[in-house]
Amino acid sequence: MPVIVLVGAQWGDEGKGKATDLLGDRLDYVVKFNGGNNAGHTVVIDGEKYALHLLPSGILSPGVVPVIGNGVVVDLNVLFQEIDGLEARGIDTSRLRISANAHVIASYNRSLDKVSERFLGARRIGTTGRGIGPTYADKMNRIGIRVQDLFDESILRQKVSAALLTKNQVLSKIYNRSAVKAEEVVQELLSYVDRLRPFVADTALELSNAIDDGKVVLCEAGQATLLDVDHGTYPFVTSSNATSGGACTGSGIPPTRIDRVVAVMKAFTTRVGEGPFPTELHDERGDYLRKVGHEYGTTTGRPRRIGWLDLVIGRYAQRINGVTDFALTKLDNYDGLDEIPVCVAYEVNGVRHDEMPVNQTDFHHAKPILETLPGWKQDISGCRTFDELPKEAQGFVEFVEQRIGARISIVGVGPGREAVIERHSVLGS
Ligand code: GDP
Ligand code: IMO
Ligand code: MG
């Protein structure tokens, strides 16, 4: 039975949560392997909306064991708020497993995220302010706090004090903020221990055993290919590996056990935060897509930046992630358009680029070369098979498929769980 990795193809918010939910009743485990509560996944079930940040989207499927892998950074306050919110709506969260090796977001890292963004001024990244970057920086600097540290009070105290040795200097002397008291941080973290204990496990071992037993495992990325710290539009990225390689390091599942990679790609492009965006629209057409697509951040509520579909990015995502199947979402948001421009290549200083320019300056200067496809001007949200789609919509899907180098197996035609066309099974057949 397969192990599937599900990633975002663009700059996030492609509809990964909905795609995971769609597969939910065919899965045994859903593993979040990177990021933290910078993610925001909206899943709509029977008209009820669920916004998930830290918990894997699989938590909404009754048969699934949701796993927070070692590659995730965990804000414990957010974790228990999210658990309480779901429990209050009748969702059972007791199956959740959390890696003992996942890192914990301490309060000082939330403060540092916000204050460093303010100091960067015009050069800011536009982060979500959740402490994600500073927590991953601590992990790499080997001064991070891991979930397992909470179960040894003396170790926890030593680690927090060690981290604060330099951080308090930075907070007070560079950013003019008050120093943080180690004991307050320790007490806050200890206050979660009793609730945390039943969830904590050697998740890499559990997943290995589950795969041996033939269980179906889906590794669900937060963020997306162009927000990946190695392969994205650095420095305007998040601080983790959101591409398929991150699924291995962030879960402990080795590459030899991955069977399929599904990339979720929105039929247009959005971006939250700063950074280059070649197909960005600054006119009423962008405003229109933002309105029909309800494109406002799930995490911060910021209006998302909007642009045409970019197939240079689609091809890049296919190559970097080794995509076997794409899910093309939000095709229905084009229902009202006469024609649909799509970016097929870039022009940079008079030179055509069919692949992502390796040089960041070139990407900043890239102008989209657009091809225009006909619209269908009708409501497609009720279509459930490819043949039911208007010819123009079929043509759009096939055009995109030819250019990105992997089949489009799922087409999203509305926000609800049912509003989807499955052309091929992404579970292998
Ligand atoms: P994620 O971060 O990748 O999980 O995506 P978000 O949940 O942040 O943003 C995707 C939004 O699009 C959510 O509001 C979904 O309910 C919605 N959505 C997903 N697929 C479709 C689709 O095919 N059509 C429409 N109209 N909305 C969709
Ligand atoms: P999902 O999983 C869209 C963006 C932020 C910012 C940059 C760095 O819902 O697709 P961070 O707080 O991670 O250090 O911010 O990354 N960003 C996202 N944009 N969707 C997300 O997650 C994002 N997570 C982070 O806006 O530009
Ligand atoms: Mg999102």
Side-chain angles (χ1 to χ4, degrees), residues 6-22 32-45 47-54 56-57 72-73 75 105 109-110 112-114 116-117 124-137 220-229 232-240 242 263-277 289 292-302 304-305 327-335 379-381 383 410-421:
L6 185 136
V7 296
Q10 297 150 318
W11 277 289
D13 306 321
E14 296 91 350
K16 298 178 290 293
K18 181 186 154 180
T20 300
D21 181 61
L22 167 75
K32 180 177 168 98
F33 62 83
N34 76 303
N37 56 313
N38 48 348
H41 309 299
T42 303
V43 179
V44 182
I45 304 173
E48 281 246 358
K49 206 165 157 176
Y50 297 87
L52 299 166
H53 297 282
L54 188 52
S57 308
V72 173
V73 289
D75 184 321
I105 302 179
N109 282 337
R110 281 192 297 274
L112 279 166
D113 192 359
K114 291 189 188 120
S116 60
E117 279 281 277
R124 69 185 176 278
I125 308 295
T127 73
T128 58
R130 303 298 194 257
I132 306 294
T135 305
Y136 278 114
E220 179 198 57
Q223 296 76 51
T225 304
L226 292 185
L227 290 171
D228 181 282
V229 68
T233 48
Y234 190 90
F236 300 103
V237 293
T238 191
S239 299
S240 66
V264 186
M265 187 168 79
K266 191 156 21 187
F268 50 100
T269 314
T270 62
R271 176 161 209 177
V272 192
E274 309 299 320
F277 185 174
L289 284 172
V292 293
H294 308 290
E295 292 291 355
Y296 294 87
T298 316
T299 301
T300 58
R302 290 178 284 182
R304 292 176 182 152
R305 298 160 64 193
L328 182 70
T329 59
K330 303 194 89 165
L331 191 63
D332 53 300
N333 289 160
Y334 282 144
D335 285 356
D379 180 358
I380 61 167
S381 62
C383 298
I410 297 171
V411 180
V413 293
R417 189 182 244 180
E418 69 300 334
V420 82
I421 295 170

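When a ligand or atom number is given, it counts from 1 through the structure's own listing order.
- No side-chain heavy atom of W11 sits less than 4.5 Å from a side-chain heavy atom of T270.
- The main-chain N or O of G412 is never found under 3.5 Å from a side-chain atom of T329 such that the two would form a donor-acceptor pair.
- Among all heavy-atom pairs drawn from V413 and V420, the shortest one is CG2-N, 3.9 Å.
- Heavy-atom minimum distance, N333 versus L289: O-CD2, 3.7 Å.
- Just one of H53, K49, R304 meets the side-chain hydrogen bond (donor to acceptor under 3.5 Å, both in side chains) condition when paired with T298; it is R304.
- Protein residues lining ligand 1, listed by chain and number: D13, E14, G15, K16, G17, K18, G40, H41, T42, T298, R304, T329, K330, D332, N333, G412, V413, G414, P415 [non-hydrogen atoms, distance under 4.0 Å].
- Counting heavy atoms from C-beta on, the side chains of I132 and V73 come closer than 4.5 Å.
- D113 and T127 are linked by a side-chain donor-acceptor pair at a separation below 3.5 angstrom, with hydrogens and angles left out of the test.
- Put simply, the side chain of E274 does not reach to within 4.5 Å of the side chain of I125, judged on heavy atoms.
- In this structure, a donor-acceptor pair under 3.5 Å is absent between the side chains of T238 and Q223.
- Excluding water, every protein N/O/S atom under 2.8 Å from the Mg ion (ligand 3) is given here by residue and atom: D13 OD1, G40 O.
- Listed by first then second residue, pairs satisfying salt bridge (charged side-chain N to carboxylate O under 4.0 Å, His left out) with a partner in residues 126-137 number zero, not counting sequence neighbours.
- For ligand 2, the protein residues within 4.0 angstrom (heavy atoms only) are W11, G12, D13, K16, N38, A39, G40, H41, I125, G126, T127, T128, G222, Q223, L227, V237, T238, V272, G273, R302.
- The local environment of OH in Y234 is sparse, with at most 12 non-hydrogen atoms from other residues, nucleotides or ligands closer than 6.0 Å.
- Among all heavy-atom pairs drawn from G35 and Y136, the shortest one is N-OH, 2.8 Å.
- Considering all non-hydrogen atoms of both residues, G133 and S239 come closest at CA-OG, 3.3 Å.
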